[in-house]
Amino acid sequence: MNLTTTELAFAYTPEREILSCVSLSLEMGQVMFILGANGTGKTTLLECMSGLRSPLRGSVTVDGRDMHQLAVRTRAQNIGLVPQMHEPVFEFTVAQAVLMGRAPHLGLFGRPSKQDHQVVGQAIESVGIHHLALRPYTKISGGERQLALIARGLAQGARCLLMDEPVAHLDPHHQHDVLSVVRQLADDGFSFAITSHLPNHALLYGDWVAFLTDREARVQGVPGTTITEQSLRTAYSMEFEIVEGSSGSRAVLPRLHRKSNPTTW
């Protein structure tokens with residue numbers, strides 16, 4: 001499935017556009033990281049890409065079809081939006097939380113069938129949290145909750161998942177757990193657009209990166225060649241350096257200006 005934005009513009013108020021001319025194309029099996037400073041419209045962009053918000057100008061298309069010409073149920077069966085924070089009101093089990101992803105496939109008063117429960121079981125198994133299925137969703141860790149939300153998107157039938165800073169509050173171990181699952185699913189043909197403040201994750205797990213600056217996505221491409229000291233400086237208004245390890249992997253670090261003669265204690 002291909003999800004494309006063409007010269008997308010959006011504004012909450014007429015006099016101030018959040019996005020002006022954003023053109024992106026998310027391909028099947030691709031992990032795209034969307035980087036940019038706070039307030040550049042990354043979350044808004046995902047909401048437009050999901051169909052939750054209508055663009056002021058431009059378009060969002062799914063396999064060439066205009067997003068807003070599709071029935072809401074059809075959109076939900078193809079595209080899942082995973083929010084940054086999700087706090088349920090009730091103590092659903094993990095399996096029940098994932099089962100909610102089947103809603104687009106049920107009638108108004110429909111009840112989940114045996115097949116729906118099988119789909120849920122497969123989704124939970126695919127992200128490696130089958131041992132948590134009967135645990136309260138509110139009592140699992142943040143990383144486990146993100147995996148449950150991915151499973152819910154899979155149970156929804158979505159081949160494309162839009163994730164808003166999914167690892168922002170997780171320790172490195174759980175960040176790796178979540179993004180490794182994303183990478184494995186992408187290798188199986190699922191597509192992901194992920195907003196992030198962590199360029200290193202784009203280098204490690206991504207196929208494509210887009211920098212959202214000045215309301216546009218002017219700089220985008222393969223992470224290894226697109227994440228440069230200059231592109232980072234433009235996006236975040238500070239200096240960075242890119243270092244390379246003995247294995248050839250690269251990492252982004254803030255550039256520190258140390259005193260040449262440090263004080264001796």
Side-chain angles (χ1 to χ4, degrees), residues 1-10 19 22-32 34 41-84 86 88 92 95-127 146-164 166 181-182 185-195 207-208 210 217:
M1 189 186 81
N2 172 273
L3 179 62
T4 300
T5 70
T6 303
E7 298 183 354
L8 179 74
F10 181 86
L19 304 170
V22 179
S23 296
L24 297 171
S25 183
L26 179 63
E27 306 292 338
M28 184 177 70
Q30 187 178 63
V31 179
M32 174 191 291
I34 301 171
K42 297 186 298 298
T43 298
T44 300
L45 175 59
L46 288 193
E47 291 174 347
C48 290
M49 292 172 71
S50 72
L52 188 62
R53 298 189 184 278
S54 299
L56 178 67
R57 296 188 305 277
S59 64
V60 182
T61 57
V62 180
D63 288 336
R65 297 176 296 171
D66 188 278
M67 167 78 73
H68 293 279
Q69 297 299 317
L70 300 175
V72 173
R73 178 174 293 187
T74 302
R75 289 185 221 162
Q77 291 172 352
N78 286 277
I79 300 169
L81 178 62
V82 179
Q84 182 179 153
H86 180 246
F92 297 108
Q96 289 170 331
V98 175
L99 182 60
M100 293 176 190
R102 296 301 296 164
H105 301 271
L106 303 177
L108 182 59
F109 299 106
R111 294 176 62 85
S113 65
K114 181 179 179 179
Q115 182 182 1
D116 291 314
H117 286 283
Q118 288 174 342
V119 170
V120 167
Q122 291 167 357
I124 290 173
E125 183 76 30
S126 69
V127 299
Q146 284 296 335
L147 292 174
L149 291 175
I150 294 174
R152 188 178 70 177
L154 299 182
Q156 186 176 320
R159 301 293 298 178
C160 175
L161 291 179
L162 312 177
M163 307 182 73
D164 191 16
V181 168
V182 166
L185 290 170
D187 292 341
D188 289 335
F190 291 87
S191 303
F192 294 85
I194 302 172
T195 63
D207 302 303
W208 195 260

With side chain to side chain contact (heavy atoms under 4.5 Å, CB included) as the criterion, how do L81 and I79 come out once you've worked through the C-alpha distance, each side chain's angles and the decisive distance to 0.1 Å?
CA-CA 7 Å; L81 178 62; I79 300 169; over 6 Å; no
How far apart are the C-alpha atoms of F192 and M32, what are their side-chain angles, what is the distance that settles it, and do they pass the side chain to side chain contact (heavy atoms under 4.5 Å, CB included) test?
CA-CA 6 Å; F192 294 85; M32 174 191 291; over 6 Å; no
The test is side chain to side chain contact (heavy atoms under 4.5 Å, CB included); show your working for I150 and M163 and say whether it passes.
CA-CA 9 Å; I150 294 174; M163 307 182 73; 3.6 Å; yes
Chi angles and distances behind the side chain to side chain contact (heavy atoms under 4.5 Å, CB included) call for V62, R75:
CA-CA 9 Å; V62 180; R75 289 185 221 162; over 6 Å; no
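Side-chain contact check for V82 versus P166: every heavy-atom pair is 4.5 Å or farther apart. Counting only heavy atoms from C-beta outward, the side chains of T74 and N78 approach each other to under 4.5 Å. Annotation: side chain of L24 is in contact with side chain of L45 (closest heavy-atom distance under 4.5 Å). Inter-residue side-chain proximity for H117 and P112 is flagged as met; some heavy-atom pair is nearer than 4.5 Å. Looking only at side-chain heavy atoms (C-beta outward), Q118 and S113 stay at 4.5 Å or farther from each other.
The shortest heavy-atom contact between E47 and S50 is O-OG, 2.9 Å. Nearest heavy atom pair, residue V98 against residue A148, reads CG2-O, 3.7 Å. V60 and C48 make their closest contact through CG2-O, 3.7 Å (heavy atoms, listed as atom of the first residue, atom of the second, distance). Across F190 and L154, no two heavy atoms sit closer than the pair CE2-CD2, 3.4 Å. Shown here for L149 and P83, the closest heavy-atom pair between the two residues is CD1-O, 4.4 Å. Shown here for P55 and F10, the closest heavy-atom pair between the two residues is CA-CD1, 4.4 Å.
Side chain of T5 to backbone of L8: no donor-acceptor contact under 3.5 angstrom is found. No donor-acceptor pair closer than 3.5 Å links the side chain of T195 to the backbone N or O of I34. No donor-acceptor pair closer than 3.5 Å links the side chain of E7 to the backbone N or O of S59.
Annotation for M28: atom CE does not count as buried by contact number, only 12 or fewer foreign heavy atoms lying within 6.0 Å. Within 6.0 Å of CD in Q115 there are 12 or fewer heavy atoms belonging to other residues, nucleotides or ligands. The 12-atom threshold is exceeded at CD of E27, counting heavy atoms of other residues, nucleotides or ligands nearer than 6.0 Å.
The CG atom of L3 lies 6.5 Å from the CG atom of L162; values are rounded to the nearest 0.5 Å. Note: D63 CG to R159 CZ = 11.5 Å, rounded to the nearest 0.5 Å. Here R152 contributes atom CZ and M100 contributes atom CE; the two are 7.5 Å apart, rounded to the nearest 0.5 Å. The line from CE of M67 to CE of M49 is 8.0 Å long, rounded to the nearest 0.5 Å. Atom CD of Q30 sits about 9.0 Å away from atom CG of N2, to the nearest 0.5 Å. Within the model, atoms CZ of R102 and CG of D116 stand 4.5 Å from one another, a figure rounded to the nearest 0.5 Å.
The closest side-chain donor-acceptor pair between D164 and T43 falls under 3.5 angstrom.
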